[in-house]
Amino acid sequence: MKKQGETFLNASDFGENFTWGVSTAAYQIEGGHDAQGKGRSIWDNFTANSKNIQNGDNAHVSCDFFNKYKEDILLMKSMNIDNFRFSISWTRILPNGVGTVNNEGIDFYNDVINFCLEQKITPWVTIYHWDLPQALEDKGGWTTRAIIEWFSEFVTICANAFGDRVKNWMVLNEPMVFIGAGYFLGVHAPGKKGLKNFLPAVHHSVLCQAEGGRLLRKLIPQAHIGTTISCSQITPFRKNKRDKATAIKVDALLNRLFIEPTLGLGYPTEEAPILKKLSRYIRPNDMENCKFDFDFIGIQNYTREKVKYSIFVPYIRAKIVKAGKRNVKTTLMDWEVYPPSIYHMIKKYSAYPLIKKIIITENGAAFEDYLKNENIEDTDRLRFLQKYLGQVLNAKNEGLNIHGYFVWTFTDNFEWAEGYYPRFGLVYIDFKSLKRTIKASGKWFSKFLTS
Ligand code: GCO
């Protein structure tokens, strides 16, 4: 049995039925922003204002997965990766969010899915990875209850179009991040701020998460259905009472808010009283409709956060002390490298008896990469993956409920408000020539998968 910190892990140590793969998202890799009838999403709109994105970058071309999907899937194959998580761009399928279907969009995903299957790569499809149609945002987006109807239409079309071949589905990607960053802090699309946007968006996304699950189950009886949730270990910055209470509150907001209503436990209002204001948006039967018995929960972990009490932060009275100020090893995102966090989160989610199974649907790191003689010696990323995997293995060996692991991400791509600066890929992309080069971490992962 291998222990944490040992670098000579083998995939076989995790058992035969452990799922290994890589994760991506449509907006981050596809490009083809207006190709073949695609409509405009909130991210097309948000990036149009260059002030919103580091270096004024946009994702018009990005990795050009839209044209290069065969090359990427073949590369994946050559690296022994046999599970590929990607998302469906809503506006490629429904340019206006609802109504007329764009058949060219359906064809594109059919081509991707069929090519994966030909190469014996299993597709794992995320329905919503943040690229809401702008036409729906113009009518209120996630803040309006009509989103449940719009979202249901999109889910139904995806299930009917792809459900004969795609068995693994995830309804939402990290609701806390797209709502926290997009509808509270305003740093992601659509750039909205404040509680009046945040709270209804939270409740509507929880309802959509469950409704999406129900529709998939009805339309694809054999489906393996999940949803994905961001999570970080939260610890108090100082050892005083106030910081300890703050950590409990932030944990409720960041780690419990989107899973507990799904499990029928309601919102964690006791630890985060601000959530009592959700009652304004909750209608009769809603809490019942928030529930769905997912086949798996995808958890996505990168770091841990230290938090302190702060009188200056309205509503929440809590502040994250950035890793850069704590004298710890960080990634380019200013996230602390802290491998025990992933073990801690697996343990935390394993403690919910109603979660049937947990899969790590994202984990990875951005570090500076240098292309030298056609090689990228990304030792930091390689060590990061080995150490985090060591912790996943510890969790598995303890009998915790963990069944798979997907690296974020396959190729370098468009990292939202940070543009192309933070590279997370196992494969390097030269964003001028679009040439792909497997990094040392990618070569290691590919070897690891056959070990
Ligand atoms: C998220 C998203 C990914 C990010 C990744 C790195 O977790 O924010 O799912 O789209 O790119 O997490 O930040």
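Atoms within a ligand are numbered from 1 in the order they appear, just like the ligands themselves. All values reported here derive from a predicted model rather than from experimental measurement. The first residue of the sequence shown is numbered 1, and numbering continues consecutively from there.
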### Task
Identify whether NZ of Lys or CZ of Arg in K70 sits under 6.0 Å from the centre of the six-membered ring of F115 and within 45° of that ring's axis.
yes
#### Entry: Under 4.0 Å to a heavy atom of N173 - the qualifying atoms of ligand 1, by number
2 (C), 9 (O)
### Query
Got the closest protein heavy atom to atom 10 (O) of ligand 1, with its distance?
Q28 OE1, 2.6 Å
### Query
Per the salt bridge (Lys or Arg N to Asp or Glu O under 4.0 Å) rule, which among K387, K329, R423 passes with D380?
K329
### Side chains of Y267 and H203, donor plus acceptor under 3.5 Å
yes
### Message
Return the closest protein heavy atom for atom 7 (O) of ligand 1 as residue, atom name and distance.
### Response
E174 OE2, 2.6 Å
### Query
Which ligand 1 atoms are under 4.0 Å away from a heavy-atom of H129?
2 (C), 3 (C), 9 (O), 10 (O)
### Query
Is the shortest distance from a heavy atom of F178 to ligand 1 less than 4.0 Å?
no
### For atom 9 (O) of ligand 1, the protein heavy atom that lies nearest, with its residue and separation
E362 OE2, 2.7 Å
### Query
Ring centroid separation for Y405 and F18, is it under 6.0 angstrom?
no
### Query
Among protein heavy atoms, which sits nearest to atom 5 (C) of ligand 1, and what does the distance come to when rounded to 0.1 Å?
Y302 OH, 3.3 Å
### Summary
Closest non-hydrogen atoms of I342 and Y388, given as atom of the first, atom of the second and distance, are CG2-O, 3.6 Å
### Query
So, Q209 and T262: side-chain donor and acceptor under 3.5 Å apart, yes or no?
yes
### Task
With atom 8 (O) of ligand 1 as the reference point, say which of W416, W408, W130 has the nearest heavy atom.
W130
### Task
Would you mind running through ligand 1 and noting each atom that sits below 4.0 Å from a heavy atom of F424?
6 (C), 13 (O)
### Message
Looking at F406, I'd like to know if the NZ or CZ of R85 sits under 6.0 Å from its six-membered ring centre while staying within 45 degrees of the ring's axis.
### Response
no
### Task
Give the atoms of ligand 1, by number and element, whose distance to some non-hydrogen atom of Q300 is under 4.0 Å.
9 (O)
### Message
Check contact between E418 and ligand 1, using heavy atoms of the residue and a distance below 4.0 angstrom.
### Response
no
#### Entry: Closest protein heavy atom to atom 11 (O) of ligand 1, given as residue, atom name and distance to 0.1 Å
E415 OE1, 2.6 Å
### Task
Give a yes or no on whether the ring-centroid distance for F296 and W124 is below 6.0 angstrom.
yes
